[in-house]
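Below: one structure, written as structure tokens.
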Amino acid sequence: MAPLPFLGVSLASAAAVYGAGIAVGNEYLYFASYTVAQYIVLATAWNILGGYTGYVNFGTAGFFAVGAYTSVVLHKTVNLPLLIMIPVGGLVCAVLGLAMGYLTLRLRGVFFAIATLAMAIVLHTLVVNWSFVGGARGAYIIRPREVMFFASYSEYLFAVMLLLAALAVAIARWVERSRLGRGLAAIRDDEIAAECSGVPTLKLKLVATTLSGFLMGIAGAPFPYYVSYVDPAGAFNLAYGVNSIAMPLIGGMSSWVGPLIGALLLGTLQQVATVTISSAANLLLVGVLLVVFVTVAPNGIVGLLQKVRGQSGARKKQNG
Amino acid sequence: MAEILLSVVGVGKRFGGFTALEGIDFQVRRGERVGLLGPNGSGKSTLVNCVTGTLRNEAGEIIFRDERIDRLTTHQRIRRGIARTFQIPRPFASMTVRENVEIALLYAGAPAGNERVPHGATEDDAHHILEEVGLQAKADERSGSLTQVDLRKLELARAMAAHPQLLIADEAMAGLSMGEVDEILALLMRLNQAGVSIVMIEHIMYAVMKFSERIAVLVAGRKIADGDPQSVIADPEVQRAYLGE
């Protein structure tokens with residue numbers, strides 16, 4: 001399917017989920033679904049650099065928080081509508097991604113991963129000491145009382161995050177199947193061989209960090225409106241970094257479907273665990289699932305399905 | 001005499017206190033077949049890496065088609081018409097054989113001045129190149145599962161996809177049987193007949209002598225001989241380097 005029709009399907013799926021949501025009409029459902037959709041965006045964004053290109057980014061929380069704090073700054077200064085704050089947050093994170101890429105992409109493997117983690121820590125320290133955005137105390141965001149066409153602000157945020165998830169998935173699929181995506185896959189497999197095949201590796205990696213940063217930024221931008229109160233501990237939460245890696249790993253990193261499946265599965269399980277057990281069980285759940293998948297299906301659910309399909313295909317060939 | 005395609009002038013490269021290359025002068029003319037010999041550690045692969053840009057030379061100049069290229073990135077040099085194969089094959093292991101070739105077609109296979117190749121064109125071109133190297137039956141296999149000889153062929157196919165004017169084959173026949181060596185030799189000959197200059201780095205003397213019009217010899221980072229194969233092999237210094245005092 002060509003990119004534009006796929007974007008149509010993706011948006012239609014988001015609209016169907018939204019329709020099902022308002023049919024139930026439960027505020028908590030909006031709240032929980034927002035989190036799952038937010039993880040679809042984050043996992044998809046992480047996978048563009050981590051899965052397609054093979055560069056593991058431990059700094060997701062940094063990008064997410066910069067998106068969130070961009071909204072805080074805009075709220076306190078010009079108070080733009082959320083739908084404008086989101087692309088602005090994305091652009092700020094895209095620039096951050098480009099800068100991070102330029103400074104760190106000469107590093108590989110574990111050194112790159114540590115550098116991204118260090119970047120998140122530096123950003124966290126900066127925000128903690130920036131009193132304009134509340135510093136360590138945090139900042140309150142008063143949501144608009146009502147929003148046009150929607151029954152409540154939670155419903156509006158739910159619709160916005162579904163839209164962003166649909167866009168992120170469509171972008172990731174387009175990247176995967178484009179000339180860019182094939183170049184990124186070559187970099188992941190063998191960077192020197194890629195360069196010797198004419199692939200401009202540094203340029204492509206910068207495109208990947210910029211795009212990945214943009215998507216993480218748009219996931220973070222609505223966050224202050226979602227929680228009404230944002231502080232460094234919440235915005236830079238370890239869970240964003242861990243989940244955005246775990247979800248593609250569990251779903252499968254080689255394709256756009258993997259992060260989507262991983263985010264739906266793990267995100268939903270976490271929401272169920274939060275209600276039935278405790279939110280403290282969330283990271284434990286991630287840990288257990290990661291151990292299981294690394295052992296049983298190192299290529300994630302998508303890899304496992306491909307393997308099963310390949311085996312049944314080979315059996316059919318033998319019998320035929 | 002044909003024009004000079006590649007000119008390496010006074011190239012030097014050090015790794016810490018170790019001098020890998022010192023004052024290397026080396027030329028390749030258009031359409032020429034050159035053998036590059038030398039014992040292990042003599043600097044052959046370092047020279048290839050300096051020419052293709054995987055390593056930066058610290059002294060001297062590298063000129064390709066009248067343009068100084070030693071400050072260009074590797075992919076820029078590849079796009080200007082220099083391709084290489086690796087001593088140890090480096091396939092894109094998660095991709096099929098066809099996809100491996102398509103990467104080079106998409107990124108380096110465009111005619112000069114035109115950076116983009118239409119997507120539809122790559123599949124036909126890849127098929128054609130795989131047919132030429134004898135890998136068409138394995139086009140849809142994962143490249144990670146290929147045999148040694150097929151990996152060598154894939155390296156050549158990927159290099160051919162970049163439409164090179166100069167191909168540097170770094171030990172493209174290492175570990176192959178005599179029959180397989182002849183197969184690769186025939187392939188290189190066909191490429192050369194199509195106008196591609198070839199530098200062959202090889203330890204298999206049978207192949208080097210059969211293939212080369214000219215041979216250059218490196219020993220301990222210095223060029224000790226450069227000329228027609230018979231006289232180079234008869235050179236006492238070359239014999240000393242290979243057979244000892």
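Just so it is clear, the values below take in all heavy atoms, side chains as well, and ignore hydrogens, waters and symmetry mates. Naming: A, B, ... by sequence-line order, numbering from 1 per chain.
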Quiz prompt | Top contributor to chain B contacts, counting heavy-atom pairs under 4.5 Å, from Ala194(A), Pro200(A), Ser254(A), Ala185(A) | solution = Pro200(A)
Practice problem: Flag yes if more than 12 heavy atoms outside Arg56(B) fall under 6.0 Å of its CZ atom; otherwise flag no. | Solution: yes
Quiz prompt | Non-hydrogen atoms of Ala108(B) and Gly198(A) that approach each other most closely | solution = CB-CA, 3.9 Å
Exercise. Go through the steps for Phe86(B) and Asp190(A) under the test side-chain contact (heavy atoms from CB on, under 4.5 Å), then give the verdict.
Key: CA-CA 12 Å; Phe86(B) 289 96; Asp190(A) 190 321; over 6 Å; no
Practice problem: Could you grab the distance from atom OG of Ser197(A) to atom CD1 of Ile78(B), nearest 0.5 Å is fine? | Solution: 7.5 Å
Quiz item: Between CG of Asp189(A) and CG of Asn100(B), what distance do you get to the nearest 0.5 Å?
Solution: 8.0 Å
Exercise. Please check if atom CZ in Phe15(B) has more than 12 non-hydrogen atoms from other residues, nucleotides or ligands closer than 6.0 Å.
Key: yes
Quiz item: Can you find a heavy atom in the side chain of Glu195(A) that is under 4.5 Å from one in the side chain of Thr73(B)?
Solution: yes
Quiz item: Tell me, side chain or backbone of Arg158(B) under 4.5 Å from chain A's heavy atoms, or both, or neither?
Solution: side chain
Self-check item: Arg182(A) side-chain N/O to Ile103(B) backbone N/O, donor-acceptor pair under 3.5 Å
Solution: no
Quiz item: Would you say Leu265(A) has more than 12 foreign heavy atoms packed within less than 6.0 Å of its CG?
Solution: yes
Quiz item: Which atoms of Glu155(B) come close to chain A, meaning under 4.5 Å heavy atom to heavy atom: side chain ones, backbone ones, both, or neither?
Solution: neither
Practice problem: For His203(B), look at atom NE2 and say whether over 12 heavy atoms of other residues, nucleotides or ligands are found less than 6.0 Å away. | Solution: yes
Exercise. With a 4.5 angstrom heavy-atom cut-off, could you sort out which part of Thr54(B) is near chain A: side chain, backbone, both or neither?
Key: side chain
Quiz prompt | Closest-packed option against chain A by number of heavy-atom pairs under 4.5 Å, given Arg84(B), Met95(B), Gln76(B), Arg77(B) | solution = Met95(B)
Quiz item: With only heavy atoms counted, which part of Ile187(A) is less than 4.5 Å from chain B, the side chain, the backbone, both or neither?
Solution: neither
